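Below is one structure, written out as structure tokens; the observations come after it.
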2 protein chains.
Amino acid sequence: MPLPPPQRLLATPSWLLTQVAAAAGRRSRERCEAVGAARYHYAILCAVEEFGPCSQAEIGARCHMDRKDVAERVGELERQHCVVRCQDPADPRRKLVTLTDAGRARLEEIAAEIAVAQADLMEPLDDGERDALVAALQKLLGR
Amino acid sequence: MPLPPPQRLLATPSWLLTQVAAAAGRRSRERCEAVGAARYHYAILCAVEEFGPCSQAEIGARCHMDRKDVAERVGELERQHCVVRCQDPADPRRKLVTLTDAGRARLEEIAAEIAVAQADLMEPLDDGERDALVAALQKLLGR
DNA sequence: GCCTATAGTTGGCGAGACCAACGGAGCGTA
DNA sequence: TACGCTCCGTTGGTCTCGCCAACTATAGGC
């Protein structure tokens with residue numbers, strides 16, 4: 001039987017967000033690990049799929065990831081032949097990350113797992129509540 | 001100018017939660033550090049204030065913290081004379097954590113900082129949206 | 001008197017967010 | 001043209017947070 005948390009914490013959005021995000025992260029991580037992937041990989045693959053070959057800096061800016069972490073994870077994806085890295089002819093500083101066919105298949109594989117995790121997480125909410133939650137989070141993010 | 005994230009991520013609650021929780025955590029942490037405290041300290045002080053002298057195990061269960069972390073943080077609070085730890089006469093295994101006057105003052109000090117962080121975080125939302133967000137998060141947590 | 005469960009403590013791990021420094025390369029300007 | 005500033009990728013760290021394993025001591029049921 002779970003003991004109720006202190007009222008102060010229950011009224012503190014940052015605490016609630018931390019708790020729920022931890023639970024959501026756990027679910028997503030477990031699902032990703034089931035197919036041998038990490039959460040970062042999903043974000044990178046999504047970015048490369050939607051915005052085409054793009055630099056690591058752009059991936060980091062779009063997915064709110066540190067440059068270091070992008071470099072590491074892209075390296076992992078490259079070793080799995082999910083993406084290829086090649087120098088940008090227009091600017092040799094940049095390395096363009098391109099999705100391969102294997103990467104596209106991998107993306108859909110991970111996406112299916114992620115979808116299960118989301119459904120599991122959001123199960124207690126009805127459709128209206130889910131939409132409201134997502135909208136509120138997007139609003140908080142968009143600054 | 002912030003580049004927009006991939007649509008897939010924007011539609012993924014767990015990703016949104018992680019991002020917003022990270023931003024919220026950053027704000028709260030900065031505010032807590034301004035008065036030389038950690039976020040864990042606030043949770044512990046809240047629990048002890050609301051539920052009276054209680055065991056470390058109970059604090060952990062209520063605040064969703066690992067026993068190890070509770071022990072460490074309570075030790076820090078004790079060194080700052082914010083709480084006292086004494087053996088439970090009814091069960092020598094338990095250590096009852098009790099709030100001191102200094103601890104109560106410290107709690108209010110930290111609470112004021114936390115409140116600023118919350119107001120800052122939730123600024124883009126109107127009252128209705130805030131209530132809906134908090135209610136949805138509580139619902140997701142309550143399982 | 002056993003056996004299991006619980007409480008506290010110690011030590012460690014892994015994921016994530018973040019920061020600092022470096023070399024290489026673009027770009028504007030004097 | 002040469003300088004300075006900025007950006008990109010890379011390496012090597014740090015810090016928080018959640019979590020797990022092992023150990024000792026004790027409670028409670030059998």
Side-chain angles (χ1 to χ4, degrees), chain A residues 1 3 14-15 17-33 37-44 53-78 83 85-97 141, chain B residues 1 3 14-15 17-33 37-44 53-78 83 85-97 141:
Chain A
M1 42 87 280
L3 297 174
S14 69
W15 186 82
L17 282 164
T18 301
Q19 299 305 314
V20 176
R26 196 164 41 242
R27 285 173 161 83
S28 300
R29 204 175 315 115
E30 284 168 358
R31 280 282 163 181
C32 285
E33 280 170 2
R39 298 166 71 198
Y40 270 164
H41 294 155
Y42 181 62
I44 293 172
C54 52
S55 70
Q56 295 184 180
E58 183 180 340
I59 295 174
R62 290 194 183 278
C63 301
H64 306 146
M65 293 167 59
D66 188 87
R67 308 183 284 173
K68 172 214 175 81
D69 304 313
V70 177
E72 277 181 356
R73 301 303 174 155
V74 168
E76 291 170 9
L77 288 171
E78 193 176 36
V83 299
R85 246 187 305 204
C86 63
Q87 204 149 320
D88 185 347
D91 186 343
R93 289 175 305 175
R94 286 186 241 263
K95 286 193 178 172
L96 293 182
V97 182
L141 192 64
Chain B
M1 40 136 226
L3 298 173
S14 69
W15 186 81
L17 282 163
T18 301
Q19 299 304 315
V20 176
R26 195 164 41 243
R27 284 168 216 269
S28 300
R29 204 175 315 113
E30 284 167 0
R31 280 282 161 182
C32 284
E33 281 169 3
R39 297 167 71 199
Y40 269 167
H41 294 156
Y42 181 62
I44 292 172
C54 54
S55 70
Q56 296 184 179
E58 183 180 342
I59 295 173
R62 291 194 183 277
C63 301
H64 307 147
M65 294 168 58
D66 189 86
R67 310 183 282 171
K68 170 215 176 81
D69 304 312
V70 177
E72 277 180 357
R73 301 302 174 157
V74 168
E76 291 169 8
L77 288 171
E78 193 176 38
V83 300
R85 246 188 305 204
C86 63
Q87 206 148 318
D88 185 346
D91 185 344
R93 290 175 306 175
R94 286 187 240 262
K95 288 192 177 174
L96 294 183
V97 181
L141 192 66

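Note on naming: letters A, B, ... go to the chains in the order of the sequence lines (proteins, then strands), and numbering restarts at 1 for each one. Because the structure is a prediction, the values reported are computed rather than measured.
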Without decimals, in angstroms, what is the distance between [X] [atom1] and [N] [atom2]?
{"X": "B:Leu96", "N": "C:dT6", "atom1": "CG", "atom2": "P", "answer": "18 Å"}
{"X": "A:Glu33", "N": "C:dG16", "atom1": "CD", "atom2": "C1'", "answer": "14 Å"}
{"X": "B:Glu30", "N": "D:dT16", "atom1": "CD", "atom2": "P", "answer": "13 Å"}
{"X": "B:Ile59", "N": "C:dG8", "atom1": "CD1", "atom2": "C1'", "answer": "12 Å"}
{"X": "A:Glu78", "N": "D:dT10", "atom1": "CD", "atom2": "C1'", "answer": "14 Å"}
{"X": "B:Glu76", "N": "C:dT9", "atom1": "CD", "atom2": "C1'", "answer": "15 Å"}
{"X": "B:His64", "N": "D:dT16", "atom1": "NE2", "atom2": "C1'", "answer": "19 Å"}
{"X": "A:Asp91", "N": "C:dC27", "atom1": "CG", "atom2": "P", "answer": "6 Å"}

Please report the interatomic distance [atom1]([X]) to [atom2]([Y]), rounded to the nearest 0.5 Å.
{"X": "B:Leu17", "Y": "A:Leu141", "atom1": "CG", "atom2": "CG", "value": "11.0 Å"}
{"X": "B:Gln19", "Y": "B:Ser14", "atom1": "CD", "atom2": "OG", "value": "10.0 Å"}
{"X": "B:Arg94", "Y": "B:Glu58", "atom1": "CZ", "atom2": "CD", "value": "8.5 Å"}

(Q) Between D:dC8 and A:Arg94, counting only base atoms on the nucleotide and side-chain atoms on the residue, is there a donor-acceptor pair under 3.5 Å? (A) no
Q: Nearest-nucleotide wise, let me know which of B:Pro92 and A:Ala22 is further upstream toward the 5' end of DNA chain D.
A: A:Ala22
When you get a sec, tell me which of [options] is the closest nucleotide to the side chain of [X]?
{"X": "B:Arg85", "options": "D:dC8, C:dT9, C:dG8", "result": "C:dT9"}
{"X": "A:Arg93", "options": "D:dT10, C:dA25, C:dG16", "result": "C:dA25"}
{"X": "B:Arg29", "options": "D:dT10, C:dA25, D:dT16", "result": "D:dT16"}
{"X": "B:Gln56", "options": "C:dA7, C:dA17, C:dT9", "result": "C:dT9"}

Q: In plain terms, say whether A:Arg93 and A:Asp91 are close enough for a salt bridge, that is, a side-chain N and a carboxylate O under 4.0 Å apart.
A: yes
Q: Apply side chain to side chain contact (heavy atoms under 4.5 Å, CB included) to A:Val74 and A:Lys95, showing your working.
A: CA-CA 11 Å; A:Val74 168; A:Lys95 286 193 178 172; over 6 Å; no
Q) Considering only heavy atoms, which members of residues 66-74 of chain B lie under 4.0 Å from some atom of DNA chain D? A) B:Asp66, B:Arg67, B:Lys68, B:Asp69
Q) Between the side chains of B:Thr18 and A:Arg39, does any donor sit under 3.5 Å from an acceptor? A) yes
**Q.** Worked verdict on B:Arg29 versus B:Glu33 for salt bridge (Lys or Arg N to Asp or Glu O under 4.0 Å)
**A.** CA-CA 6 Å; B:Arg29 204 175 315 113; B:Glu33 281 169 3; 5.5 Å; no
